[in-house]
Protein chains: 2
Amino acid sequence: MELSPTAYVVLGMLSWRPMSGYDIKSVVDRSTRFFWAASYSQIYGELRALREAGLITADDGPQGARRRTAHRITEPGRRALRDWLAREPETFELRDEGLLKLFFASADPASAASTIAAKRDRHAEVAEQLESMAAAGTASGYAGIVLAYGIECNRWMADWCERTLTDLAELPASAGARQRETI
Amino acid sequence: MELSPTAYVVLGMLSWRPMSGYDIKSVVDRSTRFFWAASYSQIYGELRALREAGLITADDGPQGARRRTAHRITEPGRRALRDWLAREPETFELRDEGLLKLFFASADPASAASTIAAKRDRHAEVAEQLESMAAAGTASGYAGIVLAYGIECNRWMADWCERTLTDLAELPASAGARQRETI
DNA sequence: GAAGTCATGTAAACGGTTACATGATTTT
DNA sequence: AAAATCATGTAACCGTTTACATGACTTC
């Protein structure tokens, strides 16, 4: 019964408090999204799998009001979560189309600067978004530490772009960039 | 005829020189892998799609020796590559299981330090790997700039882990980490 | 002669996204 | 009355990985 990291996103949030699938999605979109996204289909799918594995229970709420299933973590669920936390993290994956375009920029050197600038703006925007979350003060404890990572990392990336942009402008028609690519 | 970024990995490499699918895979594994991975199945699939779209041609080499198809970019292929380079990068995706574990560490605070240490070691290892590539001097031009990004970024991440590890050790049984998580 | 590398592909499975479908409650 | 939000799911599709299959040439 191997669980995917996405299952642990769901299980981890239920370790805080009972939630509906909708709740989980909205919390994901304001937190783990930046380093581990999850869609409704995934969340509802994982909820079913976790229920079938006995790691969570589902109580359907009062049928008079809005239909709502409150999911609760079980003791075996907490154990599974702690076991996962104690194992070494495996997955680290990045898909950065901006770096890809910069990597191949020798096919159109004029595009390099705008690619870097777009990447810079994107990271700066994310950093601002995360900063306003930090200012709101909702993320505490470890979530707050990870939020700080997100802010600093995006700032670093935006800074790198800024630095590289000036470096590129200073060596005009760039010596390095004119070379043939050979790997 | 929308192409995926992975198709442009193939097209981009063929803009340097003619290559076999095997060649492309080995270059990917020593370069774009760190920000855009691709498997054999994907590469051979994209080669077929690009050939059918007329963006590359395939000449089967001498049949006496080892079977080998040399793929060459066509003029429409170069145009498609330049058009893609000129558009804003879209995809930026991260899947970091280490951050996920840190995020949920309140369910097992004892695991936090080893999670961070594992993440630090992983990034330091990648940085060293990339540094030895840089020392070998194969990556020039824009590929070299992206390589520098990889080195600096992984160094930054490893440093953040190191800093956070000492921060966590200094406030013993961490004030922040003991709080209930609320997002 | 065995192991390694060069070389090309297919099939099945998996993880994830997007679109679709539905309907109640709440806010404007 | 309309729009937004809460709420739960399914189906189709897409991108990617892993396993499998095959074979020739090269190096030890």
Report each atom pair, protein N/O against N/O of nucleotides 14-18 of chain C, whose distance is under 3.5 angstrom.
residue : atom : partner  : partner atom : Å
dG16(C) : OP1  : Arg95(B) : NH1          : 3.4
dG16(C) : OP2  : Thr6(A)  : OG1          : 3.1
dG16(C) : OP2  : Gln42(A) : NE2          : 2.8
dG16(C) : O5'  : Gln42(A) : NE2          : 3.1
dT17(C) : OP2  : Gln42(A) : OE1          : 2.7
dT18(C) : O4   : Ser41(A) : OG           : 2.4

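- Judged as a ring-ring contact (aromatic ring centres under 6.0 Å, His included), and not counting sequence neighbours, Tyr22(A) has no contacts.
- Between the CD atom of Glu2(B) and the P atom of dC14(D) there is a distance of 12 Å, rounded to whole Å.
- The distance between atom NZ of Lys25(B) and atom P of dC6(C), rounded to the nearest whole Å, is 14 Å.
- Regarding Asp29(B), its CG atom lies at a distance of 12 Å from the P atom of dC6(C), rounded to whole Å.
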Ignoring hydrogens and angles, write down the donor-acceptor pairs under 3.5 Å from the side chains of residues 77-91 of chain A, residues two or more places apart or on other chains.
residue  : atom : partner  : partner atom : Å
Arg78(A) : NH1  : Ser15(A) : O            : 3.4
Trp84(A) : NE1  : Glu97(B) : OE2          : 3.0

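- Contact between Met19(A) and Leu14(A) at its shortest, heavy atoms only, is N-CD2, 3.6 Å.
- Taken over five-pair windows at either terminus, the axes of the helix from dG1(C)-dC28(D) to dT28(C)-dA1(D) are inclined to one another by 30° (rounded to 10 degrees).
- Qualifying side-chain hydrogen bond (donor to acceptor under 3.5 Å, both in side chains) partners for Thr138(A), counting only residues two or more places apart in sequence or in other chains: none.
- For Tyr142(A) and Trp16(A), the gap between ring centers reaches or exceeds 6.0 Å.
- Partners of Thr69(A) according to the side-chain hydrogen bond (donor to acceptor under 3.5 Å, both in side chains) rule, which considers only residues two or more places apart in sequence or in another chain, are Asp60(A).
- Regarding Arg48(A), its CZ atom lies at a distance of 21 Å from the P atom of dA7(D), rounded to whole Å.
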Name every donor-acceptor pair, under 3.5 Å, that has one atom in a side chain of residues 32-48 of chain A and the other anywhere in the protein, sequence neighbours excluded.
residue  : atom : partner  : partner atom : Å
Thr32(A) : OG1  : Trp36(A) : O            : 3.1
Arg33(A) : NE   : Asp29(A) : O            : 3.0
Trp36(A) : NE1  : Thr6(A)  : OG1          : 3.0
Ser39(A) : OG   : Gln42(A) : N            : 3.4
Gln42(A) : OE1  : Ser39(A) : N            : 3.2
Glu46(A) : OE2  : Ser4(A)  : OG           : 3.1
Arg48(A) : NE   : Glu52(A) : OE2          : 3.4

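- Residues that satisfy the ring-ring contact (aromatic ring centres under 6.0 Å, His included) test with His71(A), not counting sequence neighbours, are absent from this structure.
- Distance, Arg30(B) CZ to dT5(C) P: 13 Å, rounded to whole Å.
- Residue pairs meeting the salt bridge (charged side-chain N to carboxylate O under 4.0 Å, His left out) criterion with at least one member in residues 125-142 of chain A, sequence neighbours excluded: Glu131(A)-Arg155(A).
- Under the side-chain hydrogen bond (donor to acceptor under 3.5 Å, both in side chains) criterion, Ser26(B) pairs with Arg30(B), sequence neighbours left out.
- A straight line from CD1 of Ile24(B) to C1' of dA7(C) spans 12 Å, rounded to a whole angstrom.
- One can place CZ of Arg67(B) at 13 Å from P of dC25(D), the figure rounded to the nearest angstrom.
- As a whole-Å value, the separation of Leu3(B) CG from dC14(D) P is 14 Å.
- Residues in residues 107-123 of chain A take part in these salt bridge (charged side-chain N to carboxylate O under 4.0 Å, His left out) pairs, two or more places apart or across chains: Asp96(A)-Lys119(A), Arg120(A)-Glu162(A).
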Could you list the protein-to-nucleotides 4-6 of chain D atom pairs, N/O on both sides, closer than 3.5 Å?
residue : atom : partner  : partner atom : Å
dT5(D)  : O2   : Arg66(A) : NH2          : 3.1
dC6(D)  : OP2  : Tyr22(A) : OH           : 2.8
dC6(D)  : O4'  : Arg66(A) : NH1          : 3.0
dC6(D)  : O4'  : Arg66(A) : NH2          : 3.4

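- OP1 or OP2 of dT8(D) sits under 4.0 Å from a side-chain N or O of Ser20(A).
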